[in-house]
Amino acid sequence: MTVASELAHAVCSGDRRALAKAITLAESTRPSERELVEQIFASIGQRAAPSFRVGVTGVPGAGKSTLIDVLGCRAIAAGSRVAVLAVDPSSRQSGGSILGDKTRMTRLSAEPNAFIRPSPTSGVLGGTAGRTQEAISLCEAAGYDLIFVETVGVGQSEERVATMVDCVLLVLLAGAGDEVSSMKRGVLEVADLVAFNKADGDRVAAADADAASLRASFSISRGAVPPVIVLSALADTGVAQLLGDLTRFGAAARADGSLELRRSAQRREWFDSALEEGLHELFTQRPDLALARAAAADSVAKGSVSASEAARRLLAQLVPARS
Ligand code: GDP
């Protein structure tokens, strides 16, 4: 057996270390490792479990990790296998010490049916949807049927996460009042479910009021009101309701075909961005093209040729002239 087929076999048999290793390979940009990843996918074939992919977003400190910990344990108790992947959509680079050394998801990480992308310093997937998709596919091959894609870091872009998942769960702070009114419109538009977290202690009444006003604003802006749940991840109240709403959302999206439509549009986007990345790589990494590009950029800067004409000529170097 080749290295790739051995690793693929280990991933499919549920070996979590093999899965972590395969995801690390998928994050790499080194050509030899990319090739290995392609071979792993070829060996895995169509053996993946169907999954439901949930993006979890919200400001740092909203309680996303705590909520996923409780939600994931409940899903496992109901028969799911749960994977959690951290992505930093605000950056194209992976890594950074965004998560610091905080202990995350202690209960979930003790579950044999959970896989959490560990390593807080290097385990954060960069912003590219394609890479995240590969990590998701590897988790599916390993039999995980509920996959949380958690956004980490500041300045995160929820809209980008929406291009990676079946459903976006927005976690807001209960009782933070103006948080919603000051929020970018796009964030609320991509939310399929909203959870007001930390509705415990003296924040319960404020949380209910926040939820009611958000429902009212949804009914004006969208017509349909997505589930808005008031909960406390810490006290584990409302979490069962959230899991029920998530499950219903997934089942309905599967049944009416919207899940497949969404994924199909996402695949198209990943293709487009892979093509763009590939072109960018060609013009930065192939020495002759990199030189030609630098020269063209200089001419454009001097004003001796228009930007569009210079780009057209440069692209023509890739395409054999028609006879
Ligand atoms: P994240 O940055 O969004 O992942 O937030 P964390 O899950 O790390 O939570 C940030 C802080 O809020 C931690 O100290 C948690 O213990 C706390 N926290 C999370 N959920 C709740 C909750 O439901 N109620 C209260 N009171 N605190 C919570």
Side-chain angles (χ1 to χ4, degrees), residues 54-75 82-91 95-111 114-121 123-125 127 132 146-158 160-162 164-165 167-177 179-180 182-184 187-188 190-211 214 227-243 245-246:
V54 180
V56 183
T57 185
V59 295
K64 297 180 295 294
S65 304
T66 314
L67 181 57
I68 294 172
D69 196 21
V70 186
L71 197 58
C73 287
R74 281 189 170 274
V82 173
V84 185
L85 300 169
V87 299
D88 180 2
S90 60
S91 117
S97 53
I98 300 153
L99 300 178
D101 55 2
K102 85 176 174 180
T103 314
R104 309 175 75 243
M105 304 177 205
T106 44
R107 273 163 292 182
L108 196 57
S109 53
E111 285 283 351
F115 170 80
I116 299 171
R117 180 68 176 140
S119 171
T121 48
V124 181
L125 289 166
T132 306
L146 179 58
I147 300 172
F148 290 108
V149 178
E150 181 193 6
T151 61
V152 297
V154 285
Q156 53 195 234
S157 148
E158 290 75 6
R160 291 207 58 193
V161 173
M164 306 174 186
V165 293
C167 167
V168 174
L169 168 64
L170 174 63
V171 183
L172 297 175
L173 281 167
E179 192 192 1
V180 172
S182 65
M183 197 171 273
K184 286 182 295 167
V187 179
L188 285 173
V190 299
D192 297 297
L193 289 98
V194 179
F196 276 102
N197 188 33
K198 305 199 186 183
D200 42 48
D202 54 10
R203 282 183 295 265
V204 178
D208 286 335
D210 285 346
L214 183 61
V228 177
I229 301 114
V230 171
L231 53 81
S232 165
L234 212 59
D236 193 5
T237 52
V239 180
Q241 188 200 336
L242 173 61
L243 183 60
D245 282 334
L246 273 173

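Just follow the structure's listing: the first ligand is 1, and inside any ligand the first atom is 1.
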**Report entry** Winner among Gly238, Ser232, Gly63 once heavy atoms are compared against atom 5 (O) of ligand 1
**Finding:**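 When every heavy atom of Gly238, Ser232, Gly63 is considered, Gly63 comes closest to atom 5 (O) of ligand 1.
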
Query - Closest non-hydrogen atom pair, Lys64 against Gly58 - result: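 Minimum heavy-atom contact is NZ-O, 2.8 Å.
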
Numbered atoms of ligand 1 (with element) below 4.0 Å of [X], judged on heavy atoms:
X	result
Val59	3 (O)
Arg203	26 (N)
Ser65	4 (O), 7 (O)
Pro60	2 (O)
Glu150	4 (O)
Asp200	22 (C), 23 (O), 24 (N), 25 (C), 26 (N)

Requested in this report: Examine ligand 1 and decide if any of its atoms is less than 4.0 Å from a heavy atom belonging to Gly61.
Outcome: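 Yes.
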
Test of proximity, [X] against ligand 1: N or O pairs below 3.5 Å:
X	answer
Ala233	yes
Leu234	yes
Ala199	no

Is the shortest heavy-atom distance from the side chain of [X] to the side chain of [Y] under 4.5 Å?
X	Y	result
Asp200	Leu234	yes
Leu231	Gln241	no
Leu246	Leu193	yes

Requested in this report: Report the residues that fulfil side-chain contact (heavy atoms from CB on, under 4.5 Å) with Ser109, sequence neighbours left out, ordered by chain and then residue number.
Outcome: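 Residues passing side-chain contact (heavy atoms from CB on, under 4.5 Å) with Ser109: Ile116.
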
Query raised in the report: Out of Val87, Leu170, Val190, which residue meets the side-chain contact (heavy atoms from CB on, under 4.5 Å) rule with Thr57?
Result: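 The passing option is Leu170.
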
Query - Val168: which of Val56, Val149, Thr151, Asp192 passes side-chain contact (heavy atoms from CB on, under 4.5 Å) - result: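 Single pass found, and it is Asp192.
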
Query - Region of Thr66 that comes within reach of ligand 1 [heavy atoms, distance under 4.0 Å] - result: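 Both backbone and side chain of Thr66 come within 4.0 Å of ligand 1.
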
Query raised in the report: Does Asn197 reach the main-chain N or O of Ala62 with its side chain, forming a donor-acceptor pair under 3.5 Å?
Result: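 Yes, the answer is positive, given that a donor and an acceptor are paired below the 3.5 Å cut-off.
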
